Amino acid sequence: MRSSTPTSTRSPAAPSPCSPAFRHKGFGQVVIVSSWAGWQYMSAAGAAYSASKTALGALVQTLNDQEGRSGIRATHLCPGEVVTDILRTRPVPPSEEEMARMLDPDDVAEAVSWLAGLRAKVCVNELVLTPVHNRMYVDTSACPPPEARA
């Protein structure tokens with residue numbers, strides 16, 4: 001649990017050098033990219049990863065509570081499966097066909113760009129972004145039974 005917790009929770013929670021500038025300007029946008037596992041239970045994610053990503057939701061709520069009055073807004077962005085190298089490290093890696101249906105990093109970047117382009121008075125507290133063919137709903141291949149992992 002120690003390996004994923006510092007990266008996932010301590011890094012985003014560290015004081016940002018731009019926060020004073022955001023406060024002075026009266027506006028700022030923080031987008032914390034989390035995971036589906038930070039929004040919805042996902043047994044394939046594991047306890048440490050899920051806990052660290054879930055904590056990011058509380059961090060965003062705290063930022064909006066404490067900094068919203070200064071014009072700073074935060075979003076907990078929870079993408080579903082995104083084609084990255086880490087997918088290949090899963091006990092049962094997805095096939096090329098499955099990965100072709102997943103989100104691309106550019107899909108997540110486009111969502112961040114959309115959030116940043118909203119008017120200053122709008123705060124999207126949480127955004128869940130998934131592929132249409134969401135394996136969390138469609139089948140169990142994202143979370144194979146224990147016998148398939150052996």
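What you see is a predicted model; the values in this text were computed from it and never measured.
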- Message: Same cluster or not: F27 versus V31, using hydrophobic residues (I, L, V, M, F, W, Y) connected whenever any side-chain heavy atoms lie under 4.5 Å apart?
- Response: no
- Got a salt bridge between E96 and R101, using NZ or NE/NH1/NH2 to carboxylate O under 4.0 Å? no
- Is there a path from L115 to L59 through hydrophobic residues (I, L, V, M, F, W, Y) whose side chains come within less than 4.5 Å of each other? no
- Query: Do V128 and L103 belong together in a cluster built from hydrophobic side chains that touch within less than 4.5 Å?
  - Reply: no
- Message: Assess the residue pair Y49 and S35 against the criterion (side chain to side chain contact (heavy atoms under 4.5 Å, CB included)); give the C-alpha distance rounded to whole Å, side-chain angles, the decisive distance to 0.1 Å, and a yes or no.
- Response: CA-CA 9 Å; Y49 182 84; S35 168; 3.3 Å; yes
- Query: Should L127 and L56 be regarded as members of a common hydrophobic cluster, given that ILVMFWY residues are connected when their side-chain heavy atoms come within less than 4.5 Å of each other, either directly or indirectly?
  - Reply: no
- If only atom types and distance count, is the side chain of N64 paired as donor or acceptor with the main-chain N or O of R73 below 3.5 Å? no
- Task: Report the C-alpha distance between T75 and V60 in whole Å, list the side-chain angles of each, state the deciding distance to 0.1 Å, and finish with yes or no for side chain to side chain contact (heavy atoms under 4.5 Å, CB included).
- Result: CA-CA 6 Å; T75 301; V60 167; 5.6 Å; no
- Sequence neighbours left out, what passes side-chain contact (heavy atoms from CB on, under 4.5 Å) with V83? Give chain and number order. M99, M102, D104
- By side-chain contact (heavy atoms from CB on, under 4.5 Å), S50 pairs with (sequence neighbours left out) A37, A45
- By salt bridge (charged side-chain N to carboxylate O under 4.0 Å, His left out) - contacts of D65 (at least two apart): R69
- Message: Check for me, please, whether V82 and L129 land in the same ILVMFWY cluster - side-chain distances under 4.5 Å, paths through other members count.
- Response: yes
- Task: Kindly state each residue pair satisfying salt bridge (Lys or Arg N to Asp or Glu O under 4.0 Å) with at least one member in residues 114-128, sequence neighbours excluded.
- Result: none
- With sequence neighbours left out, the residues meeting side-chain hydrogen bond (donor to acceptor under 3.5 Å, both in side chains) with D107 are none
- Task: Decide yes or no on side chain to side chain contact (heavy atoms under 4.5 Å, CB included) for L118 and V124, but give the supporting numbers first.
- Result: CA-CA 9 Å; L118 294 172; V124 177; 3.6 Å; yes
- Could you tell me which residues satisfy ring-ring contact (aromatic ring centres under 6.0 Å, His included) with W39, sequence neighbours excluded, listed by chain and number? W36
- Gap between atom CD of E81 and atom CZ of R135 - 0.5 Å precision: 4.0 Å
- Item | Under the side-chain contact (heavy atoms from CB on, under 4.5 Å) test, residues paired with T62 that sit two or more places apart | Q66
- Message: Using the side-chain contact (heavy atoms from CB on, under 4.5 Å) criterion, which residues pair with S95? Sequence neighbours excluded.
- Response: E97, E98
- Point-to-point distance, once rounded to the nearest 0.5 Å, from CD of Q29 to SG of C123: 7.5 Å
- Item | Heavy-atom closest contact (T84 atom, R88 atom, distance) | O-NH1, 4.1 Å
- Take I72 and L63 through the test side chain to side chain contact (heavy atoms under 4.5 Å, CB included) and record every step on the way to the result. CA-CA 8 Å; I72 300 168; L63 286 171; over 6 Å; no
- Query: Residues in side-chain hydrogen bond (donor to acceptor under 3.5 Å, both in side chains) with S34, at least two apart?
  - Reply: H76
